[in-house]
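The first residue in the sequence is number 1, and the count goes up from there.
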Amino acid sequence: MRTDSQKHLKRRKPLDGGGVLLEESAAKGPLDLAGLFGNTRPVEVEIGCGKGTFLLARAKARPEVNFVGLEYARAYALYCADRFRRAGLENVRMLAADAGAFFKLALGEACVQRVHIYFPDPWPKRKHHRRRLIQPAFIEQVRRVLTAGGLLQIVTDHREYFEQIRRVLAGASGFATIDFPSMTDAAGEITGTNFERKYIAQGRPFYSIARMKISSQ
């Protein structure tokens with residue numbers, strides 16, 4: 001979810017998100033996922049796509065699943081959309097949006113099979129902790145939009161934020177604890193995101209957590 005400076009985006013030619021990047025008004029909802037993709041396949045959402053490395057691999061590997069990628073920075077949303085367009089992926093849509101507002105306003109009840117949140121901004125200063133994504137109100141929205149049996153998967157490199165995430169999830173109803181599902185075949189990786197690969201090179205530890213929605217309510 002954290003992003004490097006936008007100057008690091010490589011632009012050999014103008015980016016084109018046509019057919020993949022949604023209008024920002026879509027975040028205000030309600031969003032008709034079946035109409036958006038033209039089918040009723042299961043939907044997964046990634047929050048904070050960065051340069052789109054995880055979602056690109058995931059969407060290629062799972063053509064039977066539809067994917068919505070959220071990125072707060074529009075420049076990165078466009079960059080991802082251009083990558084997915086050039087890869088010929090028809091099962092991905094990107095949106096520049098605030099995740100909290102998107103989940104609350106755009107997504108309906110029990111419409112998402114899986115939510116991926118990898119390396120969210122930890123906002124390490126105590127005065128900024130209120131800006132962290134993983135808060136009780138947001139997790140309630142995640143529970144609302146997940147189908148019964150749907151998964152929430154989170155990975156962070158920040159130990160203190162991980163402890164907050166565990167506390168928030170411990171207080172959330174309607175979830176069961178599960179082992180974190182493997183997201184990549186690459187040795188030593190959990191998700192295969194750009195940030196994970198960067199942090200592996202730096203020797204940082206990672207903390208993963210996963211929950212399954214156990215109620216249809």
Side-chain angles (χ1 to χ4, degrees), residues 1-10 44-62 67-81 83-84 92 94-103 112 114-126 128-136 138-139 141-142 146 151-169 172 177-211:
M1 188 172 184
R2 280 175 286 177
T3 54
D4 295 318
S5 170
Q6 295 178 9
K7 69 182 180 181
H8 295 299
L9 292 179
K10 295 180 180 179
E44 298 186 11
V45 176
E46 185 190 10
I47 299 174
C49 300
K51 295 181 179 179
T53 301
F54 166 77
L55 198 54
L56 180 68
R58 180 77 173 165
K60 283 183 176 180
R62 301 292 302 276
F67 296 89
V68 176
L70 301 180
E71 178 53 60
Y72 186 79
R74 191 180 187 284
Y76 277 89
L78 177 58
Y79 182 86
C80 290
R83 289 189 75 182
F84 304 150
V92 187
M94 278 298 305
L95 181 62
D98 173 78
F102 177 78
F103 271 64
V112 173
R114 197 175 300 212
V115 176
H116 304 270
I117 308 175
Y118 302 139
F119 303 97
D121 194 326
W123 293 102
K125 294 183 179 179
R126 183 175 295 276
H128 293 155
H129 284 186
R130 67 184 184 279
R131 300 184 185 181
R132 289 174 170 175
L133 176 65
I134 312 301
Q135 307 283 357
F138 176 71
I139 294 302
Q141 289 300 322
V142 172
L146 280 176
L151 305 184
L152 168 64
Q153 301 173 204
I154 305 172
V155 179
T156 180
D157 63 301
H158 195 278
R159 180 61 190 236
E160 189 274 328
Y161 191 13
F162 178 67
E163 293 301 332
Q164 175 182 318
I165 292 168
R166 289 209 300 186
R167 290 193 299 271
V168 170
L169 293 179
T177 300
I178 62 170
D179 292 335
F180 193 92
S182 176
M183 291 289 102
T184 175
D185 294 329
E189 293 183 1
I190 302 174
T191 65
T193 70
N194 280 338
F195 266 109
E196 182 182 19
R197 290 169 181 172
K198 174 182 176 180
Y199 295 156
I200 286 174
Q202 295 175 356
R204 297 194 193 187
F206 303 125
Y207 310 97
S208 60
I209 192 166
R211 294 291 186 268

Across all chains, not counting sequence neighbours, the salt bridge (charged side-chain N to carboxylate O under 4.0 Å, His left out) partners of Glu160 are Arg132
Sorted by chain and number, sequence neighbours left out, side-chain hydrogen bond (donor to acceptor under 3.5 Å, both in side chains) with Arg167 holds for none
Holding to ring pair (Phe, Tyr, Trp, His ring centres under 6.0 Å), I want the full list of residues that pass it with Phe102, two or more places apart in sequence or in another chain. none
Within a strict 4.5 Å, meaning less than it, do heavy atoms of the Arg83 and Thr53 side chains meet? yes
Give the minimum heavy-atom separation between Phe138 and Leu133, together with the two atoms involved. CB-O, 3.5 Å
Using the test side-chain contact (heavy atoms from CB on, under 4.5 Å), find all partners of Ala77 that sit at least two apart in sequence or belong to another chain. Leu21, Glu71, Met94, Ala96
With Glu44, which residues qualify under side-chain hydrogen bond (donor to acceptor under 3.5 Å, both in side chains), at least two apart? Arg58, His116
Find the distance between SG (Cys49) and CZ (Phe84) and round it off to the nearest 0.5 Å. 5.5 Å
Would you check if Met183 and Phe54 make a side-chain contact, meaning some heavy-atom pair closer than 4.5 Å? yes
Using the test side-chain hydrogen bond (donor to acceptor under 3.5 Å, both in side chains), find all partners of Thr193 that sit at least two apart in sequence or belong to another chain. none
What's the separation between atom CD1 in Ile209 and atom CZ in Arg166, rounded to the nearest 0.5 Å? 7.0 Å
Locate the shortest heavy-atom distance separating Pro120 from Thr156; write the atom from each residue and the value. CD-CB, 4.5 Å
Heavy-atom closest pair, residues Cys80 and Gly50: SG-O, 3.0 Å
Holding to ring pair (Phe, Tyr, Trp, His ring centres under 6.0 Å), I want the full list of residues that pass it with Tyr207, two or more places apart in sequence or in another chain. Phe162
Distance-minimising heavy-atom pair for Val155 and Ser208: CG2-CB, 3.9 Å
Once side-chain contact (heavy atoms from CB on, under 4.5 Å) is applied, do any residues pair with Ala210, and if so which ones, sequence neighbours excluded? Gln153, Ile178, Phe180, Pro181
Heavy-atom side-chain proximity of Glu196 to Phe206 below 4.5 angstrom: yes
Which heavy atom in Ile47 sits nearest to a heavy atom in Ala99, and how many Å separate them? CG2-CB, 3.6 Å
Roughly how far, to the nearest 0.5 Å, is the CG atom of Leu169 from the CD1 atom of Ile134? 7.0 Å
Stepwise ring-ring contact (aromatic ring centres under 6.0 Å, His included) check, Phe119 with Tyr199: CA-CA 10 Å; Phe119 303 97; Tyr199 295 156; 5.7 Å; yes
So CG of Leu95 and CZ of Arg74: to nearest 0.5 Å the spacing works out to 10.0 Å
Would you name the heavy atoms of Leu152 and Ile117 that are closest together and state the gap between them? CD1-CD1, 3.9 Å
Could you check if a side-chain atom of Val112 sits within less than 4.5 angstrom of a side-chain atom of Val142, using non-hydrogen atoms only? no
Quick one: list whatever passes side-chain contact (heavy atoms from CB on, under 4.5 Å) with Ala172, sequence neighbours left out. Ile139, Phe175
Could I get the full list of side-chain contact (heavy atoms from CB on, under 4.5 Å) partners for Arg131, not counting sequence neighbours? Trp123, His128
Do Leu70 and Phe103 make a side-chain contact, defined as non-hydrogen atoms from C-beta onward lying under 4.5 Å apart? yes
Go through Ile190 and Tyr118 one step at a time and tell me if the side-chain contact (heavy atoms from CB on, under 4.5 Å) criterion holds. CA-CA 10 Å; Ile190 302 174; Tyr118 302 139; over 6 Å; no
